[in-house]
Amino acid sequence: MAGNSQRRNRRTSNKKGATVGSGGKRRRALEGKGPTPPAEMRKGHAKQRIANARARKATGRPTQRRGGGKGTNELVVGRNPVVEALREGVPATTLYVQQFIDSDERVREALKLAGDRGGIHLMEAPRPELDRMTNGLNHQGLVLQVPAYEYAHPEDLSAAAFDDGEDPLIVALDGVTDPRNLGAVVRSVSAFGGHGVVVPERRAAGMTAGAWKTSAGTAARTPVARATNLTRALESYQKAGLTVIGLAADGEVELQDLEVLDGPVVIVVGSEGKGLSRLVGETCDVRVRIPMPGGAESLNAGVAAGVVLYEVSRRRR
């Protein structure tokens with residue numbers, strides 16, 4: 001019995017772990033993290049991005065955009081479309097010209113415009129190669145390659161406005177699928193001093209050659225951002241202090257009665273047929289209607305955005 005008792009005591013004395021009175025002063029004791037740092041010092045916080053942008057500006061370094069991804073390369077096909085794209089300043093990398101092409105005024109103008117602009121490669125290609133590139137479309141011997149558009153990140157638009165000491169004015173498009181409407185909105189945002197346009201990544205128009213042409217060159221100086229999730233992008237704007245205004249035919253407030261237009265705002269425009277989607281509509285701080293005495297049921301995205309942007313510009317003078 002005595003031997004068994006001694007073995008039990010040895011086992012007990014060899015056990016590892018904290019003992020009474022250690023006070024947690026062992027190798028793996030937890031340590032406090034100290035007081036919560038201010039917002040400007042928290043990684044990923046909107047105020048930190050704004051503070052960083054101001055610091056970069058003070059040192060003369062350009063603001064670095066995080067980017068919202070790239071679009072896809074595009075081909076403009078046919079003599080008239082190619083000439084129009086070159087006239088409107090649509091970005092391009094290469095002009096493909098069919099070998100032994102029958103030259104006319106459009107071909108000569110396309111070659112001159114591409115040569116005068118500079119930076120556009122001129123490539124001669126046999127007809128079978130152009131047929132393959134365009135999947136058999138009627139290219140008429142001219143094909144223009146448009147590079148992928150580099151989208152901004154939604155939060156970069158508001159950060160850039162705050163950095164310049166201005167209240168952000170941003171337009172977000174919900175379910176707008178016509179590139180010409182996107183181009184018209186970009187043109188209106190530029191005309192009325194806005195800071196950019198936000199489009200969803202899916203089921204929405206992107207910055208194609210058609211959008212570039214409709215923007216009449218303003219797309220070169222007005223950023224377009226792409227959001228993976230538009231609802232989350234709008235919620236992020238709200239956290240940064242922006243008021244999200246949705247345009248809806250059944251909105252509870254008429255445009256002329258809205259009092260927040262002279263502050264930081266995001267104007268959300270839906271598609272002409274369906275309007276705002278349910279989740280986006282529920283996320284908006286207020287839904288606004290544009291009075292239309294003429295009896296029209298709705299306006300297309302470009303016209304609706306232009307009306308509201310004019311009202312914002314008028315109140316901010």
Side-chain angles (χ1 to χ4, degrees), residues 65 67-76 81 84-92 144 146-158 160 168-231 233-234 237 244-248 265-277 280-281 284 290 298-310 312-313:
R65 293 188 179 276
K70 286 188 175 183
T72 57
N73 292 325
E74 183 185 1
L75 295 177
V76 178
E84 290 173 5
L86 290 170
R87 284 175 181 169
E88 296 297 336
V90 174
L144 186 68
V146 177
Y149 182 80
E150 293 190 14
Y151 292 92
H153 188 280
E155 293 179 5
D156 291 336
L157 305 185
S158 55
L169 173 56
I170 299 167
V171 174
L173 301 182
D174 178 27
V176 175
T177 57
D178 189 339
R180 292 170 297 181
N181 269 333
L182 171 57
V185 170
V186 170
R187 187 173 183 176
S188 294
V189 168
S190 176
F192 294 111
H195 299 98
V197 181
V198 180
V199 297
E201 188 173 294
R202 299 180 180 179
R203 295 185 293 276
M207 283 305 298
T208 62
W212 269 96
K213 285 193 294 184
T214 311
S215 77
T218 58
R221 58 180 181 271
T222 302
V224 177
R226 189 166 62 177
T228 304
N229 184 295
L230 183 58
T231 300
L234 296 177
Y237 281 139
V244 178
I245 301 168
L247 301 188
V265 294
V266 182
I267 301 164
V268 189
V269 184
S271 64
E272 184 174 353
K274 298 180 180 179
L276 300 175
S277 62
V280 169
C284 294
I290 299 174
S298 63
L299 301 172
N300 69 35
V303 174
V307 170
V308 181
L309 287 166
Y310 168 76
V312 174
S313 175

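- S271 meets the side chain to side chain contact (heavy atoms under 4.5 Å, CB included) test with K274; sequence neighbours excluded.
- Interatomic distance, NE2 of H153 versus OG1 of T228, reported as 7.0 Å (0.5 Å rounding).
- Between V312 and I267 the shortest side-chain heavy-atom distance falls below 4.5 Å.
- Taking each heavy atom of G246 and L276 in turn, the nearest pair found is CA-CD1, 3.9 Å.
- The side-chain heavy atoms of L182 and M207, taken from C-beta on, include a pair separated by under 4.5 Å.
- The shortest side-chain heavy-atom distance between V146 and W212 does not fall under the 4.5 Å cut-off.
- To the nearest 0.5 Å, the span separating CG on N229 from CG on L234 amounts to 9.0 Å.
- Considering NE2 of H195 and CG of L169, their distance stands at 7.0 Å, rounded to 0.5 Å.
- For the pair I290/V308, a side-chain contact is recorded, criterion being any heavy-atom separation below 4.5 Å from C-beta on.
- For the side-chain contact (heavy atoms from CB on, under 4.5 Å) with L173, the lone residue among V224, V198, V199 that qualifies is V199.
- When all heavy atoms are compared, the tightest approach of Y149 to T222 is OH-O, 4.2 Å.
- A side-chain donor-acceptor contact under 3.5 Å links N73 to the backbone of A148.
- Distance check, rounded to the nearest 0.5 Å: OG1 of T214 to CD of E88 gives 8.5 Å.
- Closest of all the heavy-atom pairs between A172 and L230 is CB-CD1, 4.2 Å.
- The heavy-atom pair separating V268 from C284 by the smallest distance is CG2-SG, 4.3 Å.
- Atom CZ of R202 sits about 10.5 Å away from atom CZ of R226, to the nearest 0.5 Å.
- Closest approach of V90 and A209 over heavy atoms only: CG2-O, 3.9 Å.
- Counting all heavy atoms, side chain and backbone alike, A152 lies closest to P223 at CB-CB, 4.4 Å.
- Using modelled atom types, one side-chain atom of S158 and one backbone atom of E155 make a donor-acceptor pair closer than 3.5 Å.
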